[in-house]
Amino acid sequence: MDTLLQSALDNLISPMVLFFALGVVAGWLKSDLAIPEPISKGLALYLMLAIGFKGGVELASNGLGGTVVAAMALALALSFSMPLLAYALLRAATRLDVPNAAAVAAHYGSVSVVTFVAATGFLGYRSISYEGSVVAMLALMETPAIVTGLLLARRGMSEAAGNRAPLLSADVTREVILSSSVVLLIGSLLIGWMTGKDGMTVMAPAIVDPFKAVLAVFLLDMGLLVGRRLRDFRAVGWSLVAFGLYMPLLGAMVGLITAKAIGLSLGGMTLVAVLAASASYIVVPAAMRISLPQANPAIYVPLSLAVTFPFNLIVGIPLYYAAAQWIAGM
Amino acid sequence: MDTLLQSALDNLISPMVLFFALGVVAGWLKSDLAIPEPISKGLALYLMLAIGFKGGVELASNGLGGTVVAAMALALALSFSMPLLAYALLRAATRLDVPNAAAVAAHYGSVSVVTFVAATGFLGYRSISYEGSVVAMLALMETPAIVTGLLLARRGMSEAAGNRAPLLSADVTREVILSSSVVLLIGSLLIGWMTGKDGMTVMAPAIVDPFKAVLAVFLLDMGLLVGRRLRDFRAVGWSLVAFGLYMPLLGAMVGLITAKAIGLSLGGMTLVAVLAASASYIVVPAAMRISLPQANPAIYVPLSLAVTFPFNLIVGIPLYYAAAQWIAGM
Amino acid sequence: MDTLLQSALDNLISPMVLFFALGVVAGWLKSDLAIPEPISKGLALYLMLAIGFKGGVELASNGLGGTVVAAMALALALSFSMPLLAYALLRAATRLDVPNAAAVAAHYGSVSVVTFVAATGFLGYRSISYEGSVVAMLALMETPAIVTGLLLARRGMSEAAGNRAPLLSADVTREVILSSSVVLLIGSLLIGWMTGKDGMTVMAPAIVDPFKAVLAVFLLDMGLLVGRRLRDFRAVGWSLVAFGLYMPLLGAMVGLITAKAIGLSLGGMTLVAVLAASASYIVVPAAMRISLPQANPAIYVPLSLAVTFPFNLIVGIPLYYAAAQWIAGM
Amino acid sequence: MVQLYRKKRIEITVEAARARAIIEMIESVGAKGYTLVSEVSGKGNRGVRNDAHLSDVFRNVMIIVIAAEEIASRIIEQSPGLLENYAGIVVVSDVEVIRDEHF
Amino acid sequence: MVQLYRKKRIEITVEAARARAIIEMIESVGAKGYTLVSEVSGKGNRGVRNDAHLSDVFRNVMIIVIAAEEIASRIIEQSPGLLENYAGIVVVSDVEVIRDEHF
Amino acid sequence: MVQLYRKKRIEITVEAARARAIIEMIESVGAKGYTLVSEVSGKGNRGVRNDAHLSDVFRNVMIIVIAAEEIASRIIEQSPGLLENYAGIVVVSDVEVIRDEHF
Ligand SMILES: Nc1ncnc2c1ncn2[C@@H]1O[C@H](COP(=O)(O)O)[C@@H](O)[C@H]1O
Ligand SMILES: Nc1ncnc2c1ncn2[C@@H]1O[C@H](COP(=O)(O)O)[C@@H](O)[C@H]1O
Ligand SMILES: Nc1ncnc2c1ncn2[C@@H]1O[C@H](COP(=O)(O)O)[C@@H](O)[C@H]1O
Ligand code: NA
Ligand code: NA
Ligand code: NA
C-alpha cells in the first residue's frame with residue numbers, strides 16, 4: 001500500500017497532471033495555444049463513450065448484483081441531498097444572495113465527468129479495478145441536483161415580490177435528462193453491457209489503448225480553460241474560494257462513508273468520493289442560465305472550474321484514494 | 001455457414017448497429033447529443049481513406065486480373081442504368097412529378113459509402129475477404145447516375161414550356177467527378193496499391209486496428225442525423241417510403257446476379273449487392289440542388305437517409321450476404 | 001548505406017509523400033476535398049505534442065550533455081543570422097523592396113515544423129536516431145528570425161519619410177514567444193523529459209504507433225493548401241521562386257557544417273540541415289502581418305508554402321540526408 | 001424593374017441560452033422567418049462573452065428578422081421582458097426587400 | 001474630418017448551393033467586393049435550414065455587398081431570376097462608407 | 001410602448017490580424033460594447049480572403065459597434081489610420097435600439 005505522499009507525488013508527475021499544468025500556465029500567460037473547440041468537444045465525447053462502454057462490459061462480466069441497485073439509489077440520494085448541505089454553508093459562510101447560493105449549491109450536488117475519468121486513470125496506474133455500477137452513478141448524479149437547486153432558489157426568492165419564481169420547465173427537464181453526457185454515458189454503458197467481451201475486442205484498440213493519452217491531451221485543454229479564468233477569482237471572492245476547497249472534502253467524506261456502507265470496493269469507494277467531491281461546470285451552468293438567470297455565471301463557473309476542479313485533480317484524487325484505503329482497511 | 005437469422009441477429013447486436021440505434025433514439029428524442037460537424041466530416045474522410053487504402057493494398061497483392069476491368073465496367077453500367085429502373089417504378093407507383101422522380105432515381109443509381117463501409121465491417125467479423133476492385137467500383141458508381149437522372153428530368157420537362165431545362169454544366173461535372181469522396185477513395189486506392197505491404201505497415205496502426213470502433217462512432221452520428229429526420233416522413237409519403245424499401249431489394253438482386261456473372265467472390269458479391277442497393281445522400285443531393293433545383297430536397301434526402309440507409313444497415317446487409325452465400329453455393 | 005537516388009526514390013513512394021502529392025493534385029484541380037480546419041489544426045497540435053514528448057523522453061534517457069547547450073546556442077545563432085544572408089540575396093537577386101525583402105528573410109531564418117516532422121519520419125523509416133536536443137532547437141529557431149527581419153526593415157525604411165517604422169511591440173513579442181507551437185513543443189519536451197520511460201508507456205499508443213499515418217494525413221492537407229496556391233506563382237515571380245529553391249540549399253549547407261561542428265549524430269545533422277533549410281509559413285506570416293503590414297502576404301506565404309516546403313519535402317530531405325552521410329563519413 | 005418593399009430589420013444579439021425563447025417569441029408574433037448566426041462573441045454590460053467551450057453559457061448568437069412594421073413592433077414590445085436578466089441587445093433598422101411574399 | 005460616401009448595402013441570405021452563382025453575378029455587374037458569412041442557419045418559406053452535416057443542401061450563407069446605387073440596382077434586377085427555385089432573400093439598406101476607392 | 005433610441009451601427013470588416021487594434025480603439029473612444037463575427041471571408045481590393053488554415057493572415061472578422069452619434073464619429077475618425085496597409089472596410093448606418101443604458 002503506497003503512502004499518501006507517495007501517491008500524491010506519483011499523481012503530480014503523471015503526464016495527465018503535467019499536461020494540465022502546462023495548459024494552466026499557457027492559459028494564464030495568454031498563449032494562443034488552443035485546442036479547436038470541435039476537437040475538445042470530440043475528446044469529451046470520446047472519454048464519456050469509453051468510460052461508459054468499459055463500465056458496461058464490467059457490469060456484463062460481474063453481473064448485476066444487489067449493489068447495482070443500491071449504487072443507483074445512493075447516486076440519486078447524494079445528488080438530491082448534497083445541494084442542501086452546500087446551500088446551508090454558502091448562506092452561512094459567504095455573502096451570496098439566494099439565487100446565487102442556490103445555483104452554486106446545484107453545481108456541487110452534480111458531478112464533473114472529467115474529474116471522474118481522471119480518477120479512473122489514477123486507479124488504472126495502480127491497476128485497481130472498480131465496479132461498473134459506479135459509471136451508472138456518474139450518469140445518474142448529473143441532473144437531480146438541479147431540481148434541488150431550483151427548489152431552494154424558489155423557496156428563498158418567493159418572498160421577494162415581482163421575482164419570476166424560477167421554474168423547471170418541461171423543456172428544461174427534458175434537456176437536462178437527455179443532455180449529451182447522460183445519454184452517451186448510459187447508452188455506451190448499455191451497449192458495453194449488451195456486447196460484453198466481444199464488443200470490447202472491437203472497441204479496445206480505440207477506447208482502451210490510447211485512453212490515457214487522450215485524457216492527458218484533454219486535460220491540457222482543461223488547463224487552458226482554467227488558466228484563462230484564473231483572473232476571474234476577484235469576481236468570486238475569498239470566502240467563496242474557500243468554499244470551493246472545503247466543500248469537496250466534505251462531499252468526499254460523505255461519499256466514502258456511504259460507498260463503504262453499500263459495500264463498494266476500494267476503487268468504487270474512491271470514485272464515489274470523487275463524484276461527491278466534484279462539481280459540474282457544463283450541464284448545471286447551462287441549466288441554471290436558462291432556469292435561474294438571476295444567478296451570475298461569472299460566479300459559479302469559475303468557482304467550479306477554476307477552484308474545485310484543479311483541487312480535486314491534483315490534491316483530491318490521491319487524498320480520497322488514501323482515505324478509501326484507510327477506511328477499507330478498517 | 002451461419003443461417004440468415006443467426007447473422008441478422010449477430011449484426012443487430014454488433015456495437016456498430018447498437019451505436020447507430022443509440023443515435024436514432026437520441027436524435028428522435030431531441031437530445032442535444034451531437035458529434036461536432038468537423039469531427040464527423042473527419043471520421044467520414046478517415047473511413048474513405050482507410051477503405052480505399054486497404055482496397056489498394058489488396059489489389060497490389062492479388063494483382064490486376066481481368067475481373068478488375070470487368071468490375072469497373074459493371075460499376076459504370078449499374079450506376080448509369082439503375083436510375084432508369086428506379087424512374088420507371090417511381091412514375092408508375094408514386095405521385096412524384098418528373099423532376100422529383102428523376103432526382104430520386106439518380107440517388108438510387110449512386111451509392112452510400114457508409115453502407116459499403118458498414119458491410120465491409122460485417123464481412124470483417126466473419127473474416128470474409130473481398131476483391132480490392134470492389135472498392136474501385138464504389139468510387140466509380142458515385143457519379144454516373146447523376147447524368148442519367150438529369151437526362152431523365154430533361155426529357156420529361158422539355159415539354160413543359162418555360163422550364164429551364166436542367167443542364168449538367170461543365171462546372172457541376174467537374175465538381176461531381178472531383179468530389180471529395182471520389183478523389184479520396186481513388187487516391188487512397190492508388191497509394192495503397194503503389195505502397196503495398198510496406199505502406200500498410202505504416203498505416204495499419206491508424207487505419208486497421210481502430211477501424212471498427214471509428215465506424216461505430218460514425219454510425220452513432222449517422223443515427224443522430226436519421227433520428228432527427230424521422231419526423232420528415234410525412235413530407236415523403238408512404239408510397240415513396242415503400243419504394244425506399246423495395247428498391248434496395250431489386251438493386252441488390254441485380255447486383256448479386258451481375259457480380260456472380262463476372263465471377264466475384266462471396267465477399268465481392270455481397271458488397272456489389274450493397275452498392276446496388278444503397279442510395280447516395282451526400283454527393284447526389286448536392287448535385288441535384290445545383291442542377292435540378294425544381295426537385296425538392298425535403299423528399300430525396302429523408303428517403304435516402306432515413307428510409308433506405310437504416311434498412312440496408314440493419315436488414316439489408318445480412319440479407320444480401322445470405323443471398324450471396326446461397327448463389328455462391330449454386 | 002543507401003545511395004542518394006535510392007533514398008530519394010524510397011522517399012518519393014512513401015505514403016507520406018504520396019498523400020502530399022494527392023493533396024497537391026486535388027487542390028490544383030479545385031476538388032472539394034478538404035480536411036475540416038479544426039481537424040487539421042488538431043493534427044498539427046498532435047504532431048507537435050508527439051515530437052516534443054519523444055524528444056523529451058530521448059533527452060531523459062541520454063541525459064543533458066554539453067551538446068544540449070551547444071545545440072541551443074546554435075539554434076539561436078542560426079535563426080538570428082540566416083535572415084541577413086537571405087536579405088542580402090533578395091536585395092541583390094530580386095526586385096523586392098525593403099519591407100518585402102525583410103519579411104521574406106525572416107521566414108527563412110525561422111523554421112517549418114511540418115518539414116522537421118516529415119524529416120523525423122524519413123529518418124524513422126531508416127531507424128536512424130537523433131538527439132532530443134534537436135527538438136529543442138526546433139522550438140528555439142521559430143522566433144528570433146522575426147526580430148532580425150524587423151530590424152532589417154526598420155533600417156531600410158527609416159530613410160523613406162512618413163513611414164511608421166515597424167516596431168516589435170511588447171504584445172507581439174509576447175505573442176510570438178508564447179505562440180502555440182513554441183509553447184506546445186517546449187511543454188511536451190519538458191513533460192517527456194520529466195516522465196521519461198513511464199510517461200512514454202502511457203503516451204505511446206497514441207503518439208508513437210499511429211504517428212506516421214497521422215503525418216501522412218496531415219501532409220494530404222498540406223498538399224491541398226499547396227495545390228490551391230500553385231496559381232499564386234505569378235504574383236511571386238521567377239527570380240523569387242528561384243530564391244525559394246536555392247536558399248534552402250544554402251541554409252542546409254550552413255546547418256550541416258555547424259551541426260557537425262557541435263558534434264551531432266547523423267540524424268541530428270540531417271535535422272539541423274532541415275531546420276536551416278525550411279521556412280516558416282504560420283508563425284512568421286502572422287507576426288509580419290501585425291508588425292510589418294507594408295509587406296505583402298501574397299508574396300511571402302506562397303513562396304514559403306508552395307515553393308520551399310514542397311522542395312524540402314520531396315527533394316531536400318533525402319538530399320540533406322545524403323550530404324549528412326557524406327560529411328559524417330569524412 | 002424589380003419591385004422593392006419597405007420592411008424592418010431587427011438584429012438581436014443575445015446569449016445562446018436565451019436564443020430559443022427569443023425565436024419562439026418571433027414566430028409567435030407572426031414573423032415568417034428568421035436568420036441565425038451562431039458563434040458570435042462580443043462585449044457589453046455583462047462583460048466579455050467568447051467562450052464556446054463550456055456549454056452555451058458564454059456564447060452569443062445573432063438573430064436577424066425581416067418583418068413588416070407591425071410585426072416588428074410586436075417583437076420590439078416583447079423583447080425587454082425576455083431579455084431581463086440576460087445579456088442581449090435589439091437593433092432595428094429600415095430596409096427594403098424583394099419577393100414580398102416571403103415576409 | 002473623414003469623408004463618408006453614400007452606398008447601398010445588400011444582404012443576401014441564400015442556400016449554400018446557390019452562393020457561387022450569386023457571387024459570380026455580383027462580380028459580373030461590377031461590384032468591387034463582397035463579404036461572405038458561411039454557416040448561417042434560419043427559417044423561411046422553404047422551412048428550417050440548419051443541417052451542415054449533409055453537404056450544403058440544408059445550409060445557408062449570407063453574402064453582403066456594399067455598392068453604389070447603380071451597381072446595387074443591377075444586383076437587385078438579377079436576383080429574382082437567380083433565386084427562382086432556391087431558398088433566399090435579398091435585403092437592401094442605405095449606408096455610408098469611408099475609403100470610397102474600395103467600392 | 002417600448003422606447004427606441006437612435007444610434008449609429010458601424011460594421012467593420014477587417015483582416016483578423018488587425019482586429020485587436022480596432023477593438024482597442026473602439027473601447028478607447030468610449031463605446032460600451034461590440035460584437036465580433038469571426039470566420040468571415042470575402043473579396044476586395046486586396047483580393048480574395050478565405051483561408052483560415054494558415055494563421056489569421058487570410059482571414060477576416062466582422063466587428064459591429066452600436067454607439068451614439070458622437071462616439072461613432074470618433075470611431076470613424078480613427079479608422080482610416082488603423083486600416084492603412086490593411087484589408088478592411090467601414091460601413092455606417094442609422095439604427096434604433098431598446099435599453100439605451102447599454103450604449
Ligand atoms: N454597443 C454595442 N455594440 C455592439 N454590440 C453590442 C454592444 N453592446 C452589447 N453588444 C452585444 O450584445 C451582447 C450582450 O450585451 P450586454 O447585454 O450589454 O452584455 C454583447 O456580448 C455583445 O455581443
Ligand atoms: N423574414 C425573414 N427574416 C430573416 N431571415 C429570413 C426571413 N425569411 C427567410 N429568411 C432567411 O432566408 C432563408 C431562405 O428563405 P426562404 O427562401 O423563405 O426559405 C431562410 O433559411 C432564412 O435564413
Ligand atoms: N464592396 C464590398 N462589399 C462587401 N464587402 C467588402 C467590399 N469590399 C471589401 N469588402 C470586405 O472587406 C474586406 C477587405 O476589403 P479590402 O480592403 O478592399 O481588401 C474584404 O475581404 C471583404 O470581406
Ligand atoms: Na458533487
Ligand atoms: Na445504388
Ligand atoms: Na530556416
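Throughout, a chain's letter reflects where its sequence line sits, starting with A, and its residues are numbered from 1.
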Legend entry - Side chain to side chain, B:Ser31 and A:Leu184, heavy atoms closer than 4.5 Å: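 Sidechains of A:Leu184 and B:Ser31: no contact.
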Inset, instruction - Identify which part of B:Pro38 has an atom lying under 4.5 Å from any heavy atom of chain A, answering side chain, backbone, both or neither. - result: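 Only the side chain of B:Pro38 comes within 4.5 Å of chain A.
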Inset, instruction - Please state whether the side chain, the backbone, both or neither of B:Leu215 comes within less than 4.5 Å of a heavy atom of chain A. - result: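 Neither part, no heavy atoms under 4.5 Å.
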Inset, instruction - Let me know if A:Phe53 has heavy atoms under 4.5 Å from chain B in its side chain, its backbone, both or neither. - result: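 It is the side chain, since no backbone atom gets that close.
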Legend entry - Part of residues 17-25 of chain B lying next to chain A, heavy-atom separation under 4.5 Å: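 B:Leu18, B:Phe19, B:Leu22, listed by number.
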Legend entry - Close contacts, residues 202-214 of chain B versus chain A, judged by heavy atoms under 4.5 Å: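 Within residues 202-214 of chain B, the residues that come under 4.5 Å of chain A (heavy atoms only) are B:Asp209, B:Pro210, B:Lys212, B:Ala213.
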Inset, instruction - Drop me the distance from A:Ser180's OG to B:Ile35's CD1, to the nearest 0.5 angstrom. - result: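 Between atom OG of A:Ser180 and atom CD1 of B:Ile35 there are 8.5 Å.
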Inset, instruction - Kindly compute the distance separating CG (B:Leu220) from CG (A:Leu45), expressed to the nearest 0.5 Å. - result: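 Spacing of CG (B:Leu220) from CG (A:Leu45) equals 8.5 Å.
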Inset, instruction - Count the heavy atoms of every other residue, nucleotide or ligand shown that sit under 6.0 Å from CE of A:Met194, and state whether that count exceeds 12. - result: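 Counting other residues, nucleotides and ligands, CE of A:Met194 stays at 12 neighbours or fewer.
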Legend entry - Top contributor to chain B interface from A:Gly42, A:Gly199, A:Ser179 [non-hydrogen pairs under 4.5 Å]: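 Of the options given, most contacts go to A:Ser179.
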Legend entry - Among A:Ile191, A:Thr195, A:Ile39, residue most engaged with chain B (heavy-atom pairs, under 4.5 Å):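 Looking at each of A:Ile191, A:Thr195, A:Ile39 in turn, A:Ile191 comes out on top.
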Inset, instruction - Measure across B:Leu33 and A:Val183 and return the closest heavy-atom pair with its distance rounded to 0.1 Å. - result: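 So the minimum-distance heavy-atom pair works out to CD2-CG1, 3.9 Å.
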